[in-house]
**Student:** 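Sharing a structure with you now.
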Amino acid sequence: MSRDKRSEDDDVTGGVLLEKKEKTEKPSLYRVLMLNDDYTPMEFVVLVLQRFFGHNHEAAQQIMLHVHQRGVGICGVYTFEIAEAKASQVMNFARQNEHPLQLQLEKE
């Protein structure tokens, strides 16, 4: 490569062109939190945790009990776009089934 074909911004060491690496940050993660209510059946909560968050039956039951006993529980941790989509899907599914289930996002 002749000198005139290289831009002045190129970093060259010993005749090898080195690419400048841009620093990328890891995306922020968000917890999807489920809030307890006195109306949504426990079985429905377990179904939601399995269908939308990929938990097995035992893990879903443990999370459901945690939500029931403590008022809130973590369904999963995702990037913002995925967390927002999952929360929206779950709340739409809950409304279709006439349940007042509520989810919130919380930055880690």
**Student:** Taking everything shown except Glu98 itself, do over 12 heavy atoms lie less than 6.0 Å from its CD?
**Tutor:**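 Incorrect, the count does not exceed 12.
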
**Student:** Flag yes if Leu105 and Val67 sit in one hydrophobic cluster, no otherwise; membership is Ile, Leu, Val, Met, Phe, Trp, Tyr, and two members link when side-chain heavy atoms are under 4.5 Å apart.
**Tutor:**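 Shared cluster, yes.
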
**Student:** Quick one: CG on Asn36 to CD on Gln102, what's the gap to the nearest 0.5 Å?
**Tutor:**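 It comes to 12.0 Å.
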
**Student:** Donor-acceptor pair, Asn56 side chain versus Glu58 backbone, under 3.5 Å?
**Tutor:**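 Checking the backbone N and O of Glu58 against the side chain of Asn56, a donor-acceptor pair under 3.5 Å is found.
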
**Student:** With a 3.5 Å distance limit and no angle check, can you tell me whether Arg95 reaches the backbone of Leu101 through a side-chain donor-acceptor pair?
**Tutor:**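 Yes: the side chain of Arg95 pairs with the backbone of Leu101.
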
**Student:** To check you understand the geometry: which heavy-atom pair defines the closest contact between Lys107 and Ser28, and what is its length?
**Tutor:**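 Result for this residue pair: CE-OG, 3.3 Å.
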
**Student:** Looking at side-chain heavy atoms only, is the closest gap between Val72 and Gln104 below 4.5 Å?
**Tutor:**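 Contact flag for Val72/Gln104 side chains = no.
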
**Student:** Could you state the interatomic distance from CZ (Arg51) to NZ (Lys86), rounded to the nearest 0.5 Å?
**Tutor:**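 Taking CZ in Arg51 and NZ in Lys86, the distance rounds to 12.5 Å.
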
**Student:** Look at the side-chain heavy atoms of Ile, Leu, Val, Met, Phe, Trp and Tyr, link any pair under 4.5 Å apart, and say whether Met34 and Leu65 land in one connected group.
**Tutor:**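 Yes, it is one cluster - the side chains of Met34 and Leu65 are joined through contacts under 4.5 Å.
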
**Student:** How long is the gap from OH on Tyr30 to CD on Glu81, to the nearest 0.5 Å?
**Tutor:**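 Rounded to the nearest 0.5 Å, the OH-CD separation comes out at 8.5 Å.
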
**Student:** Of all heavy-atom pairs between Leu49 and Cys75, which one has the smallest distance, and what is that distance?
**Tutor:**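 It is CD2-SG, 3.7 Å.
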
**Student:** Between Phe93 and Phe44, how do the two ring planes meet: parallel, tilted or perpendicular, split at 30° and 60°?
**Tutor:**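 The rings of Phe93 and Phe44 lie parallel, inter-plane angle below 30°.
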
**Student:** Given the rule that I, L, V, M, F, W and Y join up when any side-chain heavy atoms are under 4.5 Å apart, are Leu29 and Ile63 in one cluster?
**Tutor:**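 Different clusters.
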
**Student:** Just how far is it from atom OG1 of Thr40 to atom CE of Met64, taken to the nearest 0.5 Å?
**Tutor:**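 The CE atom of Met64 is 12.0 Å from OG1 of Thr40, to the nearest 0.5 Å.
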
**Student:** Taking atom NE2 as the centre, does His99 end up with more than 12 heavy-atom neighbours from other residues, nucleotides or ligands that are less than 6.0 angstrom away?
**Tutor:**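 For His99, atom NE2 is crowded (more than 12 foreign heavy atoms under 6.0 Å).
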
**Student:** Quick check for you: to the nearest 0.5 Å, what is the distance between Gln96 atom CD and Met91 atom CE?
**Tutor:**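 If I round to the nearest 0.5 Å, the distance is 12.5 Å.
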
**Student:** Do Met42 and Ile74 land in one hydrophobic cluster if side-chain heavy atoms of ILVMFWY residues count as linked below 4.5 Å?
**Tutor:**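 The answer is no; the residues belong to distinct hydrophobic clusters.
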
**Student:** To the nearest 0.5 Å, what is the distance between OH (Tyr78) and CD (Glu84)?
**Tutor:**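 Separation between the atoms: 14.5 Å.
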
**Student:** Out of curiosity, does Leu33 fall in the hydrophobic cluster containing Val77 (side-chain heavy atoms, cut-off under 4.5 Å, transitive links)?
**Tutor:**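 Yes: a chain of side-chain contacts under 4.5 Å links Val77 to Leu33.
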
**Student:** Please check this pair: side chain of His57 against backbone of Gln50, looking for a donor-acceptor N/O pair closer than 3.5 Å.
**Tutor:**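 Between the backbone of Gln50 and the side chain of His57 there is no qualifying donor-acceptor contact (under 3.5 Å).
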
